[in-house]
Each structure stands twice: as structure tokens, then as C-alpha cells.
Amino acid sequence: MTKERSGKGISRRQFNKLAGIGIMGAAVSPTAISVALAEGENPASIIAGVNESMIIHNAKLGVMETPLQLLREHDITPKEIMFIRNHFPPEGRQAWMATTDAPAIEDWDIRVGGLVVRPRTITLKDLKGMEQVKRVSVMQCAGNGRSYYAAKEKAPGGQWQHGGLANVEWEGVPLKAVLEAVDVGPSDHAQWLTANGADESPAAKGADMIKSYHLTDPALDNAILALKLNGEPIPAVHGGPVRLIIPGYYGNMNVKFLNELSFETEQSPSPFQSKAYRAVNTPVEPGTFTVKDYNLGNSKPTYGFKIMSVIFAPLAEDTVKAGPVEISGVAWNDGNAPITSVKVSKDGGQTWEDAELSLSDSPWAWHHWSLKTNLPAGEHTLRVIATDELGRSQPLDGTAAWNPKGYQWNGVDTVTVSVS
Ligand SMILES: Nc1nc2c(c(=O)[nH]1)N[C@H]1C(S)=C(S)[C@@H](COP(=O)(O)O)O[C@H]1N2
Ligand SMILES: [Mo]
């Protein structure tokens with residue numbers, strides 16, 4: 001599938017383009033260094049332009065989570081506070097990826113090939129000339145909420161709370177329109193579409209982050225090759241200049257720095273498709289199923305978001321005065337059915353009240369909910385649960401869905417507040 005490549009995951013021509021802008025992206029501004037926090041690394045010295053309050057999960061790779069105190073301030077998440085998940089260090093010739101600025105790239109090729117009659121290349125310029133559409137959608141890491149599985153047994157990996165989450169506007173060309181335009185003539189044997197990005201492992205034989213989608217997957221009808229995030233060219237760190245966006249699908253399915261689409265008989269053998277980012281078909285318990293046990297038969301890729309809701313206010317660290325209070329937050333799902341109810345409990349789940357739900361225009365966006373109520377002085381355990389039109393809801397005990405990699409947490413959110 002990657003015959004024309006030297007095993008480097010990137011063509012010579014494309015590498016030269018990237019190397020040409022390397023200096024710019026690699027440079028960390030002196031201001032960022034001078035404000036480096038005493039307690040730890042300043043997130044902006046890892047990825048230029050990010051907010052200093054981001055929670056660092058992996059400094060080398062530039063993996064960071066958004067504190068909910070920041071996330072709740074905006075309906076559309078600004079790039080400076082958007083969580084970041086990279087699998088390869090954005091350094092060396094990938095240093096250009098370490099910034100919230102858009103990459104200064106004019107020439108960018110996406111090879112479309114594999115089992116096709118006419119392999120083709122589509123350029124960034126071609127894409128810019130095509131009709132653009134917008135998709136407001138949640139971006140969420142499949143590992144979001146992983147830390148909460150520790151109540152049963154800790155799942156290794158970044159201990160994300162709820163901030164591996166964003167609500168953003170993408171703009172670009174529908175995938176279907178791109179495939180029609182290139183007219184590569186896929187063979188009848190092609191069952192899967194595989195997407196690859198320009199980033200790669202620094203290890204000589206390191207696995208590449210490649211993702212596959214079944215060609216009959218209806219989610220592909222809504223997919224776009226995005227060129228813009230929140231109205232601006234996509235920041236390098238978020239996958240510019242071109243990113244595959246599949247609204248409603250977990251983060252890993254949304255390939256950044258897209259430079260290859262390939263028609264295949266099978267899904268990619270890359271461990272990022274065949275071992276990681278998979279959801280078990282039947283529940284498993286700690287000790288009985290390990291990371292190594294995943295195979296194509298017992299699991300599926302982490303495709304669509306499970307329905308979820310999160311409390312944005314009050315948070316445990318907020319000061320809450322006794323009396324009238326507004327409990328609020330967001331809820332979202334895979335966009336396949338509207339969310340029909342959000343209920344809030346002020347007593348740890350004994351009794352529930354309907355929150356007011358305000359559905360966003362886009363089915364893939366998060367939806368705000370709120371409940372105006374009263375809280376007397378003392379400790380209160382707030383909980384929230386969302387349900388959609390298909391009857392899908394959230395488990396009261398999220399650890400029931402424990403899995404070795406701690407993916408797809410959607411347990412009922414619980415916040416304990418002290419009211420004075
Ligand atoms: N090319 C490429 N695409 C990628 C990744 C990556 O490392 N390389 N990480 C994936 C994962 S696991 C997530 S959660 C999202 C994170 O997107 P963001 O960094 O823009 O928030 O990108 C996905 N797409
Ligand atoms: Mo992720």
C-alpha cells in the first residue's frame with residue numbers, strides 16, 4: 001500500500017516541503033521560556049501558543065488536557081485550549097507540528113491509491129478550489145475519562161479526566177466529493193479506506209498511526225477533508241494543513257496531517273488499527289483480558305462516541321454560596337439520534353430532576369443543559385445522566401465498561417461540592 005515510500009512514511013518531495021518550514025515551527029518563543037512555570041514545564045514551551053494552564057500528560061509527545069475551568073468558558077473551543085494528542089514527538093523534522101499556528105505550507109499532496117485503476121494525487125490547492133462545508137463537532141480522545149476506571153482497576157495510559165474534549169467548527173471538502181473528483185476507480189475487492197498522516201515514529205521500524213474505515217460505513221457520508229478549524233487554517237498541532245474529520249467519531253479516527261488515502265481489502269495491519277483504539281465486543285474484567293488479547297474478531301475500532309454528559313458548573317473547586325444555583329454542563333453522542341433528556345441529581349443519584357436542554361444545530365456538537373435550583377449549606381454530590389432518542393444512556397457505574405486500555409468512559413459524571 002505504501003510502495004512508493006521508502007519506509008519513512010513520507011515522500012521525499014513532501015519531506016523537503018516540511019523541512020523547509022521546520023525552523024519556524026521548531027522555534028519556541030523566548031517569551032514562552034521566560035514564563036516557564038517553576039512547578040513544572042510550561043505547556044507553551046512544548047507546543048507554542050497553547051494556554052499555560054493546560055494539563056500535561058506527556059511532555060515529550062505534547063499530549064495535554066484542557067482544565068474544565070477553561071473548557072466551560074466557550075461554546076466553541078479556541079485552539080489555545082484545545083486538548084492535544086500526538087503519538088510521535090513533534091521534534092526534528094516534525095518540529096513544525098509543535099505550534100497552534102497554521103503550518104506555512106502551500107504545497108501539500110494527498111495520494112489516493114491502493115487497489116485502484118488510476119492512483120492519483122490531490123493537492124491542497126485542488127481542495128481549496130472545491131465547495132466547502134462546515135461541521136461543528138465534538139473532538140474527544142477515546143481515552144477521555146480513563147482515570148475514572150481506576151475505581152475498579154487503573155487502566156494504563158494518560159490519566160485523562162474529562163478534558164480530552166473540545167467542541168469545534170471544521171470546514172473543508174466532503175470526502176465523497178474528493179473521491180469522486182479524483183476518480184481513481186477502486187477495485188471491486190476494495191472493502192476498506194485507509195488514512196495516513198505525515199507524522200511518523202522516530203523509531204526505524206516504529207508503527208505508523210494509520211486508521212481504516214469500512215467503505216460501507218455511513219459515517220463516511222459526513223466525513224470531510226478539513227482545511228479550517230474555527231474559521232482559520234488548521235493549526236499545525238491539530239493536523240493542518242489537511243485533516244480527515246469524521247464527525248461523531250473518537251479522536252483517533254480523525255487523522256491529522258492527512259497525506260494518503262488508500263483502498264484496501266483489509267483494515268490496516270498497523271497496531272494503531274489492529275491492537276490499539278479498539279473496543280471489546282463483550283465485557284471483560286481486569287486480569288482476564290489484556291492489551292495483547294485484542295484481535296479483529298473480539299473487538300471493533302473505537303468508532304462513534306458513546307453518549308456522555310459532563311458537569312461544567314459547579315466544579316469541586318468553585319466557591320458556591322447557599323441559595324439559588326445553576327448546575328450546568330454539556331452532553332453529546334455520535335450524532336445518530338438527538339439527545340432527548342438530561343437529568344440532574346443533587347443527592348448522589350437518589351432523586352433526579354429534568355435539566356433544561358438546549359440542542360445545538362449540529363447533531364455532532366455538544367449540547368448545553370442547565371438546571372436552576374437551590375443548594376443549602378453542606379456537601380452535595382451532583383450527578384448528571386443523558387439519554388437519546390435511541391434509548392442510549394450512561395451507566396451509573398462507568399467501571400462496568402472497564403477495558404485494559406481504558407477507552408470510551410461514559411459513566412455518569414459525579415461532582416462533590418461544598419456549599420457555604
Ligand atoms: N496523524 C495523526 N493523527 C492523529 C493522531 C496522531 O498522533 N497522528 N492522534 C489521534 C488521536 S488519538 C486523537 S485523540 C486526536 C487528537 O486531536 P487533537 O490533537 O487535534 O486534539 O488526533 C488523532 N489523529
Ligand atoms: Mo485519542
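One-based numbering, in listed order, for ligands and for the atoms of each. Please read these numbers as outputs of a predicted model, since none were measured by experiment.
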Nearest protein heavy-atom contact for atom 18 (P) of ligand 1: which residue, which atom, what distance? His238 ND1, 3.4 Å
For atom 21 (O) of ligand 1, the protein heavy atom that lies nearest, with its residue and separation: Phe83 O, 2.7 Å
To check your reading of the model: name the closest protein heavy atom to atom 3 (N) of ligand 1, its residue, and the distance in Å. Lys256 N, 2.9 Å
When rounded to the nearest 0.5 Å, the distance separating OH of Tyr149 from CD of Gln408 is 7.0 Å
So, Asn230 and Lys79: side-chain donor and acceptor under 3.5 Å apart, yes or no? no
Has Glu65 got a side-chain atom pairing as donor or acceptor with Gln161's backbone, closer than 3.5 angstrom? yes
Under 4.0 Å, heavy-atom basis, I'd like to know which part of Phe257 is in contact with ligand 1: side chain, backbone, both or neither. side chain
Starting from atom 7 (O) of ligand 1, find the nearest protein heavy-atom neighbour and note its residue, name and distance. His87 ND1, 2.7 Å
Of all the atoms in ligand 1, which lie at a distance below 4.0 Å from a heavy atom belonging to Asn86? 7 (O)
Please work out which of Thr66, Asn144, Ile234, Asn252 has its closest non-hydrogen atom nearest to atom 11 (C) of ligand 1. Asn252
Taking atom types as modelled, is there a side-chain donor on Asp413 or Tyr148 under 3.5 Å from an acceptor on the other? no
Taking 4.0 angstrom as the limit and counting only heavy atoms of Cys141, give me the atoms of ligand 1 inside it, by number and element. 14 (S)
Atom 13 (C) of ligand 1 [closest protein heavy-atom partner, distance rounded to 0.1 Å]: Gly251 C, 3.6 Å
Counting from 1, what ligand 1 atoms have a heavy atom of Asp199 closer than 4.0 Å? 1 (N), 2 (C), 6 (C), 7 (O), 8 (N)
Is the shortest distance from a heavy atom of Tyr277 to ligand 1 less than 4.0 Å? yes
When the ring centroid of Trp192 is compared with that of Tyr213, is the distance short of 6.0 Å? no
Intermediate values then yes/no, ring pair (Phe, Tyr, Trp, His ring centres under 6.0 Å), Phe312 and Trp366: CA-CA 12 Å; Phe312 274 178; Trp366 67 26; 5.6 Å; yes
Do me a favour and list the nearest non-hydrogen protein atom to atom 15 (C) of ligand 1 with residue, atom name and distance? Arg243 NH2, 3.4 Å
Considering only the protein, which heavy-atom contact is closest to atom 24 (N) of ligand 1, and what is its distance? Asn254 O, 2.9 Å
Using a strict threshold of under 4.0 Å (side-chain N to carboxylate O), is an ion pair present between Glu91 and Lys60? yes
Check for a donor-acceptor pair, side chain of His214 on one end and backbone N or O of Thr216 on the other, with a separation under 3.5 Å. yes
Would you please indicate yes or no on a ring centroid separation below 6.0 angstrom for Tyr250 and Tyr303? no
